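Have a look at the structure below, then the notes.
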Amino acid sequence: MPRLEWPLHIVRRVVIGVLVVALLAVAVPLTWKWIEEKRARCGDGVVEKGDDHECVGVTDGSYVFADHLKSVEKKIKAENDRVEENTGKEPYVSVAYMTSFTLTDDDSNSEESVRHELEGAYLAQYRHNRGDLSSSPKIKLLIANVGSSAAHWEHTVDELIDRMTSDRDKLVAVTGLGPSTDRSLSALRRLSDRGLALVASTMTATNIEGIKGFVRVSPTNVDEAYAASAYLKKQKVRTAVVVQDAARSNYYAKTLGDAFTEVFQDTKGHRLVADRMTYDSSVRSAWENELRYMPGQLCDQKPEVVYFAGRGKHLTRFLDSLANRPCQERKFTVITGDDTSNLTAKELAHAADSGVRVLYTGLAHPDMWRQDPLHVSGPSAGHFQPGGSMDKWFPGDPRYDGQAIMGHDAVLAAAHGIQMAAGWQGEVSGDAVARMFHQMDGRQQVAGASGFISFQNNGNPRNKAIPILHLNARGRSELVEVSAPRGEPPRKQ
């Protein structure tokens, strides 16, 4: 067979053509990916995700996640800039506040609630950096948004992990951490695996504990159930019914309902007069109907109290149904858990109009210090009193929900751990800060506005004060008394 020989200039063209095609095969997808990422970028460290194009990720305050956060994010950005500018004089590390900052109707938290948390977080940063608790190293406060229902937690957690080795950030702790859901728990565990110190502000589900590096400044649902049960028994209440959300992902509701069921019943005649009544909030088309049918059954069962183990937004629908009960002559009292704090002022006022007496175990309240000054830090509580720092910085934003206090105490605990790690070990890493959490006892307690805080080995606070609150006719929470995990007021020292 004759040998086919190509002229040299044709060979060159063929080779060049093949190379060009190969380069385009690589370059075009990379270029398109770059264009897509550029288009999806909301700001430094923040990108669009999901069908709703939520902007999620981590910011130092330079990107504003929602209009209602503008004021507090502006203050955080200014303080972060000041910390970075002084880095040659004073060292700093970063603490992130993580939760869902872009909210939809699917979230249990409200805009008011998460705004107040972030306002409290800023107060703790300010106090540690240049206020009455000034210490070193200073703190840069990062804002981490996991999106509605924490749908994009993986992206935000990856971004936070990258900030651990960033010379500009040096992240050592993550606070806030969101509500008690399966996604929040997954995010928490991944951050724990990477050696970060973790402080939950409002996470109360009892089954979230014993995780490396994790503590919480809120009482657990078992603690809340004990406090509620003890209060009811002092009021001579003998019969109750539990209404509970049966959604699998709602750890808050399950642990709250289980705990009250266990602690209320005793040999002294305190009992549940019916089996637990349930609804499933994960079935959107059905849960409201399930709540609507319950008042007729409650009229027949005649409990003195209904214990509602569900989210605040479900509580308002339940109270609407109960207000339209067939036995109008019968008065009802409903007691529930701390998620009521997540309702907006409008929702609280609507709930108060139901004609049903509503009590709940909160996480904090500005009036706790006045009733129990020995077990709540006066200087910390003072910032939340009329005329205090919070009023001056964020006027016209009532904070009776206690969420600002919890955000403050979570960041304050992280800041205290950072100070202790620097002073005792000369090392400020996530692991070092986490080790300090279990040294916060006696004189090293966290001087919280929700009560002095120390931690058990499982990460839960020790003998944490719990306010019993009443929802008044104006939709505002009034302090009834201060209780504690086992249902007894804290001992006077």
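Since we're looking at a predicted model, the values are computed, not measured.
The salt bridge (Lys or Arg N to Asp or Glu O under 4.0 Å) with Glu79 is formed by just one residue from the set Lys74, Lys140, Arg130; it is Arg130. A side-chain hydrogen bond (donor to acceptor under 3.5 Å, both in side chains) with His408 holds for exactly one of Arg127, Glu117, Glu119; it is Arg127. Among the candidates Pro219, Ser450, Pro467, the single residue satisfying the side chain to side chain contact (heavy atoms under 4.5 Å, CB included) test with Leu363 is Pro219.
Contact between Gln439 and Trp424 at its shortest, heavy atoms only, is CB-CZ3, 3.8 Å.
Residues Tyr122 and Val411 fail the side-chain proximity criterion, which asks for heavy atoms closer than 4.5 Å. At a threshold of 4.5 Å between non-hydrogen side-chain atoms, the residues Ile418 and Val172 count as touching. Side-chain contact between Pro366 and Gln385 is present, with heavy atoms from C-beta onward closer than 4.5 Å. In this structure the side chain of Tyr63 reaches within 4.5 angstrom of the side chain of Cys55, judged on heavy atoms. Within the 4.5 Å cutoff, side-chain heavy atoms of Ile211 are placed close to those of Leu188. No side-chain heavy atom of Tyr226 sits under 4.5 Å from any side-chain heavy atom of Phe264. In this structure the side chain of Ile453 never reaches within 4.5 angstrom of the side chain of Gln445, judged on heavy atoms.
Between Leu103 atom CG and Ser113 atom OG the span is 8.5 Å, to the nearest 0.5 Å. The distance from atom CG of Leu196 to atom CG of Asp431, rounded to the nearest 0.5 Å, is 8.5 Å. To the nearest 0.5 Å, the span separating CD on Glu48 from NE2 on His152 amounts to 10.5 Å. Taken from CZ in Phe318 to CG in Leu291, the straight-line distance is 7.0 Å, to the nearest 0.5 Å. Here the CD1-OG distance, from Ile208 to Ser184, works out to 7.0 Å after rounding to the nearest 0.5 Å. Note that the CG atom of Asp339 and the CZ atom of Phe308 stand 9.5 Å from one another [nearest 0.5 Å].
Using modelled atom types and a 3.5 Å distance limit, the side chains of Thr278 and Gln244 yield no donor-acceptor pair. Under the 3.5 Å distance criterion, with hydrogens and angles disregarded, a donor-acceptor pair is assigned to the side chains of Ser281 and Asp245. No hydrogens or angles considered: nothing links the side chains of Thr255 and Asp258 as a donor-acceptor pair under 3.5 Å. With no hydrogens or angles considered, no side-chain donor-acceptor pair links Gln403 and Asn109 at under 3.5 Å. When only modelled atom types and interatomic distance are considered, Ser249 and Asp182 share no side-chain donor-acceptor pair under 3.5 Å.
Taking the six-membered ring where the residue is Trp, Phe101 and Phe65 present parallel rings, their angle staying beneath 30° rather than reaching 60°. Relative orientation of the Trp393 and Tyr126 rings is perpendicular, given thresholds of 30° and 60° on the angle between their planes.
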Steps toward ring-ring contact (aromatic ring centres under 6.0 Å, His included) verdict (Trp369, Phe384) | CA-CA 10 Å; Trp369 169 67; Phe384 297 90; over 10 Å; no

Hey, mind stepping through His314 and Tyr279 against ring-ring contact (aromatic ring centres under 6.0 Å, His included) and telling me if it holds?
-> CA-CA 10 Å; His314 305 143; Tyr279 66 98; 5.5 Å; yes

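The environment of Phe452 atom CZ is dense: over 12 non-hydrogen atoms of other residues, nucleotides or ligands sit within 6.0 angstrom.
For Lys138, the side chain to side chain donor-acceptor pair (under 3.5 Å) criterion is met by Ser134, not counting sequence neighbours.
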